[in-house]
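Reviewing the structure listed below.
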Amino acid sequence: MEALSFGQYDLIYNAFSFGIAAMLAATLFFWLGLSQIAPKYKTAVIITGLVTFIAGYHYLRIFDSWDSAFTVIDGSVELTGVAFNQAYRYVDWLLTVPLLLIELILVMSLTKSETVRKSFALGGAAALMILLGYPGEVSGGIDGTRFLWGALSMIPFLYIVYSLFVGLSDSINSQPAEVRGLINLARWVVVLSWSFYPVVYFAPFVIPMDGGTATVVIEVGYTIADVVAKAFFGVLIFMIAYRKSQISA
Ligand code: RET
């Protein structure tokens, strides 16, 4: 990890703090709202809250690790020698990404066998995507190693995006008219917010930038993507579950 300007250090510090607040507040919203949801959709909403809870925990750890990695002396940012731990982010994704996909599948209330089949296929691909991206992220440089692992990770990523678009479109058409628009929106939010991660990962290859700027783009970029992919997406899942509960009541 290279030295940062105070502005760069501070921006990332505040982004992580925002991440903690957004994830913990979203968790409270989902779990406190459970009483408004019909039993059939409660699991989806419980999982939605688990995702933001797991993320809130990891943002606390990420924030703490960031705080330990630097010290500010007379307005200049110095490295303490304690490494910033990138693994928190990847462990968070490993746990939450498959859950997010399962959440989307559950709220569609497909047949049991279809739910299980889709959950395993998409959840497995998501885990593979994260595992392949990790060695590239921790390699440190903006070089061939980062590029190669990132490119490999793109394979399961494209499979997921393709499956959501083509595979789930039939199921969406058989959903009640009241929620079809919302489920379609949720599908788009998944595809667009998820596409933001590889954009952030590969950005330093496309736009020449120094190490400090690359760190800002990566850390702030992933944090924004996480808040959209988990908290905002979760609100859509909550709304779908709520509306379906009203229909079946
Ligand atoms: C990596 C490595 C480079 C290639 C690709 C990646 C994709 C990451 C994604 C992460 C999604 C995370 C979510 C977290 C919220 O819970 C690993 C950056 C394709 C899509 C949705």
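All ligand and atom numbering here is 1-based and tracks the order in the structure. Owing to the predicted nature of the structure, the values given are computational and were not obtained by experimental measurement. Only this structure's heavy atoms are used, side chains among them; waters, hydrogens and symmetry mates stay out.
- With hydrogens and angles ignored, the 3.5 Å screen pairs no side-chain donor or acceptor of Arg61 with any backbone N or O of Tyr88.
- Nearest residue to atom 6 (C) of ligand 1 from Ser153, Pro98, Gly133 is Ser153 (criterion: closest heavy atom).
- The Phe157 neighbourhood of ligand 1 comprises atoms 19 (C), 20 (C), with distances under 4.0 Å to a heavy atom of that residue.
- Interface atoms of ligand 1 facing Ala229, defined by a heavy-atom separation under 4.0 Å, are 21 (C).
- Here the shortest heavy-atom distance to atom 7 (C) of ligand 1, taken over Tyr197, Trp194, Tyr222, belongs to Tyr197.
- In terms of protein heavy atoms, atom 20 (C) of ligand 1 is closest to Met129 CE, 3.4 Å.
- Less than 4.0 angstrom separates some heavy atom of Val97 from each of these atoms of ligand 1: 11 (C), 12 (C), 13 (C), 14 (C), 21 (C).
- Ionic pairing of Glu219 and Arg89 is present here: one or more N-O contacts between side-chain nitrogen and carboxylate oxygen are shorter than 4.0 angstrom.
- Of the N or O atoms in Thr96, one or more lie within a sub-3.5 Å distance of an N or O in ligand 1.
- For ligand 1 and Met154, the ligand atoms under 4.0 Å from any heavy atom of the residue are 19 (C).
- Asn184 places no side-chain N or O within donor-acceptor distance of the main-chain N or O of Arg187, the cut-off being under 3.5 Å.
- The side chain of Leu100, and not its backbone, has at least one atom closer than 4.0 Å to an atom of ligand 1 (non-hydrogen atoms only; side chain from C-beta on).
- Looking at Asp226 against ligand 1, only its side chain comes within 4.0 Å, counting heavy atoms.
- In this structure, Arg146 satisfies the cation-pi test against Tyr201, with its NZ or CZ atom closer than 6.0 Å to the six-membered ring centre and inside 45 degrees of the ring normal.
- Between Lys230 and ligand 1, at least one pair of N/O atoms sits closer than 3.5 Å.
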Problem set entry | Audit row: Phe63, Trp66, ring pair (Phe, Tyr, Trp, His ring centres under 6.0 Å) steps and yes/no | CA-CA 5 Å; Phe63 180 88; Trp66 186 254; 9.6 Å; no
